[in-house]
Protein chains: 2
Amino acid sequence: MTGRPSVRDAQPDTATRILDVAERLVQTSGFNGFSYADISAELGITKASLHHHFATKAELGRALIERYSEAFSAALKLVDQRGGDAAAKLERYVKLYEEVLREERLCLCGMLAAEYSTLPEPLQKEIRRFFDANETWLAGVIDQGRRARIFHSRGSAREVARMLLSALEGAMLVARPYSDVARFASAARQVLTGLAAK
Amino acid sequence: MTGRPSVRDAQPDTATRILDVAERLVQTSGFNGFSYADISAELGITKASLHHHFATKAELGRALIERYSEAFSAALKLVDQRGGDAAAKLERYVKLYEEVLREERLCLCGMLAAEYSTLPEPLQKEIRRFFDANETWLAGVIDQGRRARIFHSRGSAREVARMLLSALEGAMLVARPYSDVARFASAARQVLTGLAAK
DNA sequence: GTCTATAGGTGGATAGAC
DNA sequence: GTCTATCCACCTATAGAC
């Protein structure tokens with residue numbers, strides 16, 4: 001876990017490469033849909049070595065959510081820093097999801113939410129934290145948009161935020177079987193347009 | 001597969017009881033999250049007997065989607081027959097989802113959509129058919145609402161229908177980790193209200 | 001940090017008696 | 001239609017050498 005080596009062109013360290021492969025596998029096949037053997041085959045290191053880095057599958061899952069949540073928070077900070085009005089921020093937020101779907105993946109936590117009841121309790125807690133963080137950020141943007149009079153939605157900003165999160169997670173879920181990013185983009189646009197309507 | 005016996009208080013036949021248990025297990029834990037052993041333990045019949053009724057797990061899955069789709073179509077027919085305007089129909093449509101979530105289940109096909117890439121191709125096709133049927137019904141209701149001037153949404157009726165389906169599937173997905181049906185109901189109301197806005 | 005080897009369990013599925 | 005018994009592949013995880 002020493003992070004990326006400082007020399008140019010160097011590969012990420014082993015733990016990072018494991019997380020990269022595991023993350024893609026969870027996002028495409030689910031936590032119950034992949035095994036250490038899958039990672040082993042792809043990286044060319046034995047299952048025993050994987051256990052050296054992540055002792056149990058639950059611990060691997062916990063590390064995955066942690067990293068994903070941190071990356072998402074960082075992405076939201078970037079969205080904020082690029083400025084623009086609330087509508088522009090929401091469009092960039094939607095783009096984050098769209099890029100995931102383009103690789104035929106689901107949101108990591110959206111996938112894990114489907115498998116929620118089969119997951120260890122610590123993972124369940126982290127999944128809710130991810131959704132909570134997204135709702136909080138979205139609610140802030142909704143507030144910003146209302147103060148600027150560009151959003152005219154009903155209900156609390158928090159409620160609108162939850163609706164947005166739900167709609168985007170669902171749009172990914174439904175679009176993927178059709179391998180159709182446009183399906184997602186269309187649904188997202190519908191929802192965003194609705195926010196501006198009186 | 002002889003259907004419900006005609007005598008009063010008689011139990012459903014074995015195939016039906018297997019489907020009932022398997023359906024709940026898929027909706028709560030996913031297709032990759034349950035096993036024949038789980039059904040066996042709950043019904044008190046051996047795994048070998050289960051294989052007599054459904055030779056493979058894929059065949060069991062196919063039967064589950066088929067039955068679920070038929071039940072859903074029947075429910076939509078009832079929604080239509082009870083009449084009312086398009087808004088009333090959509091509210092009853094939302095209630096169908098809400099009843100599923102109340103039992104801490106996801107939509108069967110929503111759950112399977114998450115696991116999509118791990119499923120046999122015949123199941124994948126049936127999942128898309130389920131979504132297609134829902135979109136078609138919803139597009140019809142959207143059209144009805146527009147002709148009656150109670151919906152003022154943008155985009156084609158089909159696009160609005162896809163957005164609705166996505167939002168509802170996603171609202172179930174996100175609400176379940178919180179065991180909070182109100183979260184779903186709130187998101188659903190947000191979306192429906194948006195349809196009426198100009 | 002990676003390996004070989006293996007434990008101990010569970011997965012879906014089958015054969016054949018009753 | 002249900003059972004016992006069994007197969008074999010795969011699962012997560014560990015022990016211990018290098």
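Per chain, numbering begins at 1; letters A, B, ... match sequence-line order.
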Nucleotide [N], atom [atom2] - distance to [atom1] of [X] in whole Å:
X	N	atom1	atom2	result
B/Ile45	D/dG1	CD1	P	11 Å
B/Ile18	D/dG1	CD1	P	10 Å
B/His53	C/dA13	NE2	C1'	16 Å
B/His52	C/dA13	NE2	C1'	15 Å
A/Leu50	C/dC3	CG	P	9 Å
A/Ile39	D/dC11	CD1	P	11 Å

Below 4.0 angstrom, N of the basic side chain to O of the carboxylate: do [X] and [Y] qualify?
X	Y	result
A/Glu135	A/Arg128	no
A/Glu59	A/Arg62	yes
B/Glu98	B/Arg102	yes
B/Glu23	B/Arg67	yes

NZ or CZ of B/Lys57 within 45° of B/Phe31 ring axis and under 6.0 Å: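 Yes, B/Lys57 lies over the aromatic ring of B/Phe31.
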Cation over ring face, B/Arg146 and B/Phe151, 6.0 Å, 45°: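 No.
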Footprint string (nucleotides 12-18 of chain D, 5' to 3'): B base within contact, S backbone only, - free, heavy atoms under 4.0 Å: BBBB---
Of the listed nucleotides C/dT4, D/dG1, C/dG1, the one nearest the side chain of A/Thr46: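 For the A/Thr46 side chain, the nearest candidate turns out to be C/dT4.
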